[in-house]
Amino acid sequence: KVHKSLDNEDYTPIKALNTFNRDWTIKARVTNRSDLRVTQKGGNLLKCELTDFLGTVIEAAFFNDAAKAYDKILKKNRVYSFAGGKVGIANKRFTQVKNDFCLTFNMGCDIKELEDDGGIDKYGFEFMNLKQLSNDDNVKTLDLAVVVVEVGPKDSFTSKTDGQTRFKQPWTVVDDTNHAIQITLWGSEFIDKYAS
């Protein structure tokens, strides 16, 4: 059942969540989600990335019975209200979401699909400029807004792991801080799609 959406001010912004919050309800779009999978301990796990109307992203995890139940309910790009979850400290080793906190939901949570009023973007971007990037040695997923100034030649090589032929192509990009870096595109289909 799809419920009528309330005004945004009736919901807690994701950026206001912390481990001291107990009574909160967020309105968020499922901007990404994993498949239901079995953990090493034999339980079930479902992970979703949730984005609210301010563009803030947080990771939500569902375990065991809740994972199985909400795997059938939560659809990518649809909007829901989420309540009854627990706010925890995010383990940066196991997430690409740039948020200090994460959410965990069990079967006691309250999640309802809402009307999509278009107030939440379908992508949760947190842009970083190249000047910041040069001062950050940590390996992670990044959102960049850049201009491509040079496209290098497509190159092939043989993978040492499986002996298959792989393709790569260097691009030089620059942003509004006038910093430039070289990035590498991997995979023939990806290169052919974006380098043409």
So if you build clusters from Ile, Leu, Val, Met, Phe, Trp, Tyr with side-chain heavy-atom gaps below 4.5 Å, do Val173 and Leu185 land together? yes
Who passes side-chain contact (heavy atoms from CB on, under 4.5 Å) against Asp10, sequence neighbours left out? Leu6, Asp7
Applying side chain to side chain donor-acceptor pair (under 3.5 Å) to Ser81 and Thr25, what does each step give before you reach the verdict? CA-CA 7 Å; Ser81 64; Thr25 302; over 6 Å; no
In Å and rounded to the nearest 0.5 Å, what is the NZ to CG distance from Lys75 to Asn77? 12.5 Å
Gap separating the CG atom of Asp175 from the CD1 atom of Ile181, nearest 0.5 angstrom: 8.5 Å
I want to check something: taking the side chain as every heavy atom from C-beta on, are Leu144 and Leu130 in contact at a cut-off of under 4.5 Å? yes
In terms of heavy-atom contacts, Met107 and Ala69 come closest through SD-CB, 3.9 Å
Hydrophobic cluster of Phe20, others only, ordered by chain and residue number, side-chain cut-off 4.5 Å: none
Answer with yes or no whether the side chains of Gln164 and Ser159 bring together a donor and an acceptor at under 3.5 Å. no
Tell me, do Ile120 and Val79 make a side-chain contact under 4.5 Å, heavy atoms counted? yes
Can you list, by chain and residue number, the hydrophobic cluster partners of Tyr70 when the side-chain cut-off is 4.5 Å? Ile14, Leu17, Trp24, Ile26, Val30, Leu36, Leu46, Leu50, Ile58, Phe62, Ile73, Leu74, Tyr80, Phe82, Val87, Ile89, Phe101, Leu103, Phe105, Ile111
Can we say Asp52 and Arg29 salt-bridge, meaning some charged N sits less than 4.0 Å from an Asp/Glu carboxylate O? no
From CA spacing to verdict: side chain to side chain contact (heavy atoms under 4.5 Å, CB included), Leu54, Lys15: CA-CA 9 Å; Leu54 296 174; Lys15 68 180 182 179; 3.7 Å; yes
Between Arg33 and Glu49, is there a salt bridge with N-O shorter than 4.0 Å? no
Between Asp117 and Lys27, is there a side-chain N and carboxylate O pair less than 4.0 Å apart? yes
Determine, step by step, whether Asp110 and Lys112 satisfy the side chain to side chain contact (heavy atoms under 4.5 Å, CB included) criterion, reporting the C-alpha distance in whole Å, the side-chain angles of both residues, the deciding distance to 0.1 Å, and the verdict. CA-CA 7 Å; Asp110 181 15; Lys112 297 182 178 77; 2.9 Å; yes
Check whether any side-chain N or O of Asp71 sits under 3.5 Å from a backbone N or O of Lys68 as a donor-acceptor pair, and report yes or no. no
Hits for side-chain contact (heavy atoms from CB on, under 4.5 Å) against Ser156, two or more places apart or cross-chain, chain-then-number order -> Thr165, Phe167
Side chains of Thr172 and Val148: does their closest heavy-atom pair fall under 4.5 Å? no
Just by modelled atom types, is the Gly43 backbone N or O under 3.5 Å from a matching donor or acceptor in the Thr39 side chain? yes
List, by chain and number, the other hydrophobic cluster members for Phe63, where Ile, Leu, Val, Met, Phe, Trp and Tyr join if side-chain heavy atoms come within less than 4.5 Å, directly or indirectly. Leu45
Apart from Val38 itself, its cluster of hydrophobic side chains linked below 4.5 Å comprises none
Any chance you could lay out the side chain to side chain contact (heavy atoms under 4.5 Å, CB included) test for Lys47 and Asn32, step after step, and finish with the verdict? CA-CA 9 Å; Lys47 285 189 173 185; Asn32 204 359; over 6 Å; no
What are the two closest heavy atoms between Ala83 and Cys109, and how far apart are they? O-CB, 3.4 Å
